[in-house]
Amino acid sequence: DTALRPLLLVGLAPDVVIGVDPSARNARHFEALLPCSGTSLIAESALDPSATRAFRDRTWWFRVAGHHPWPWLRSLGLDVEPIEVWGSVLTAAFQLALLAGCDPIVIAGADLAYTGDQPYCRGTTYEFDWGYSAALGDPLDRAWRAQCETFTRVDLPGVDGRTTRSTEPLQAFRDWLVAQALRSGRRVVNATGAGILHGPGIGQDSKIGR
């Protein structure tokens with residue numbers, strides 16, 4: 001979800017985009033987008049309704065648990081299979097790639113770290129927040145620092161062998177992806193070139209697809 005806007009800004013419209021977080025704040029990633037009529041949304045059923053407006057009849061639903069409205073829907077004979085997403089839209093995307101039979105699976109732009117002391121790449125929805133802070137006189141690096149300090153810092157070895165800044169939740173997502181990749185039987189390649197996404201079962205090739 002967060003990656004959609006910067007992709008569209010450089011002329012890349014993905015076939016699918018995935019949304020999991022049900023908060024209204026997260027729904028901002030799907031608002032005021034550049035045209036993406038060929039992109040479908042794969043969404044957790046609790047996603048904020050405003051997130052689906054740009055996709056109209058190109059929305060596909062899944063669930064992660066038995067939360068409402070699924071008890072009511074099941075009483076009407078409606079149900080879908082749950083998908084194990086394990087807490088992140090990145091892990092959800094990886095799980096969907098496995099279910100779709102993708103091989104190889106190439107992961108790009110997923111450093112799971114604060115590379116260069118930035119919380120996100122440029123061009124995301126958070127640019128609006130950073131721009132607002134800058135308009136109030138706060139330097140950009142201060143806005144980044146405040147966002148990076150939301151979670152306790154963890155210093156971990158990066159894909160280049162040097163120590164990089166991350167957090168315990170991001171480390172947990174990395175460990176889950178490594179475990180899934182190892183037992184998946186698929187070729188999994190990290191093309192990010194930075195961050196902490198490395199381990200058994202994940203190859204490294206930052207030049208793939210160039």
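The first residue in the sequence is number 1, and the count goes up from there. Not measured: the values here are computed from a predicted model. Reckoned from all heavy atoms, side chains included, excluding hydrogens, waters and symmetry mates.
To the nearest 0.5 Å, the span separating OG1 on T91 from CG on L177 amounts to 6.5 Å. Atom CG of L90 sits about 12.0 Å away from atom CD of Q95, to the nearest 0.5 Å. With values rounded to the nearest 0.5 angstrom, E168 atom CD is found 11.0 Å from D175 atom CG. Remark: D1 CG to T124 OG1 distance equals 10.5 Å, nearest 0.5 Å. The structure places CZ of F30 at 9.5 Å from SG of C36, a figure rounded to the nearest 0.5 Å. From L4, atom CG reaches atom CG of L9 across 9.5 Å, with rounding to the nearest 0.5 Å.
Clustering ILVMFWY residues whenever any of their side-chain heavy atoms sit less than 4.5 angstrom apart, transitively, puts V80 in the very cluster that holds L73. The hydrophobic cluster containing L33 also contains L47, counting ILVMFWY residues as joined when their side-chain heavy atoms lie under 4.5 angstrom apart, directly or transitively. Using a 4.5 Å cut-off between side-chain heavy atoms of Ile, Leu, Val, Met, Phe, Trp and Tyr, with links allowed through other members, W86 and V178 fall into the same hydrophobic cluster. The hydrophobic cluster containing L140 does not contain L136, counting ILVMFWY residues as joined when their side-chain heavy atoms lie under 4.5 angstrom apart, directly or transitively. Both L170 and L197 belong to a common hydrophobic cluster when Ile, Leu, Val, Met, Phe, Trp and Tyr are linked at side-chain heavy-atom distances under 4.5 angstrom.
Looking at E149 and W144, their side chains never come closer than 4.5 Å, going by heavy atoms from C-beta outward. Contact of the L98 side chain with the Q180 side chain is registered, since non-hydrogen atoms from C-beta on lie closer than 4.5 Å. When side chains are defined from C-beta on, L112 does not count as touching Q171, because their heavy atoms never get closer than 4.5 Å. Within the 4.5 Å cutoff, the side chain of W130 has no heavy atoms near those of the D138 side chain. Inter-residue side-chain proximity for R142 and Q147 is flagged as unmet; no heavy-atom pair is nearer than 4.5 Å. With contacts defined as side-chain heavy-atom distances shorter than 4.5 Å, the pair F94/I105 qualifies. Counting heavy atoms from C-beta on, the side chains of S166 and I196 come closer than 4.5 Å. Side-chain atoms of D15 and T39, non-hydrogen and from C-beta on, never get closer than 4.5 Å to each other.
Remark: the backbone N or O of P49 is not paired with any side-chain donor or acceptor of R53 at under 3.5 angstrom. A donor-acceptor distance shorter than 3.5 angstrom exists from the side chain of T192 to the backbone of G109, with no hydrogens or angles considered. Listed for the R186 side chain is a donor-acceptor partner under 3.5 Å among the backbone atoms of C102. No donor-acceptor pair closer than 3.5 Å links the side chain of R153 to the backbone N or O of C148. Of the possible polar contacts, none joining the D79 side chain to the W70 backbone as a donor-acceptor pair under 3.5 Å is found.
Ring-plane geometry between Y126 and Y120 is classed as parallel, the angle between the planes falling under 30 degrees on a 0 to 90 degree scale with a further cut at 60.
Contact detail for A27 and S50: the closest heavy-atom pair is CB-OG, 3.5 Å. Considering every non-hydrogen atom in both P22 and A46, the closest pair reads CB-O, 3.2 Å. Residues A51 and L41 come closest through the heavy atom pair O-CD2, 4.0 Å. Taking all atoms of both residues into account, the shortest heavy-atom contact from G195 to T115 is N-OG1, 4.1 Å. When every heavy atom of L182 is checked against every heavy atom of G201, the shortest pair comes out as CD1-N, 3.9 Å. Of all heavy-atom pairs spanning H67 and P71, the tightest one is O-CD, 3.4 Å.
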Side chain to side chain contact (heavy atoms under 4.5 Å, CB included) between F62 and I42, intermediate numbers included: CA-CA 7 Å; F62 66 90; I42 301 178; 3.7 Å; yes

Check against side chain to side chain contact (heavy atoms under 4.5 Å, CB included), S40 and F55: CA-CA 6 Å; S40 295; F55 303 95; 6.0 Å; no

I107 vs I202, side chain to side chain contact (heavy atoms under 4.5 Å, CB included): CA-CA, chis, key distance, verdict: CA-CA 10 Å; I107 302 172; I202 297 182; 5.5 Å; no

CA sep, side-chain torsions, deciding dist, call: R28, R5, side chain to side chain contact (heavy atoms under 4.5 Å, CB included): CA-CA 10 Å; R28 296 189 308 163; R5 192 181 305 277; 5.6 Å; no

D111 and R165: CA distance, side-chain angles, deciding distance, salt bridge (charged side-chain N to carboxylate O under 4.0 Å, His left out) verdict: CA-CA 10 Å; D111 57 0; R165 179 178 181 177; over 6 Å; no

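Between the side chains of S45 and R63, no donor-acceptor pair of N or O atoms lies under 3.5 Å. For the 3.5 Å distance criterion, the side chains of N26 and D48 fail to qualify, holding no donor opposite an acceptor.
By the 6.0 Å contact criterion, CH2 on W61 is enclosed, its count of non-hydrogen atoms from other residues, nucleotides or ligands being greater than 12. Counted within 6.0 Å of CZ on R74, heavy atoms from surrounding residues, nucleotides or ligands total more than 12; the atom is thus considered enclosed.
A salt bridge links E127 with R122: the closest approach of a Lys/Arg side-chain nitrogen to an acidic carboxylate oxygen falls below 4.0 angstrom. Ion pairing between D155 and R162 fails under the 4.0 Å rule for side-chain N and carboxylate O.
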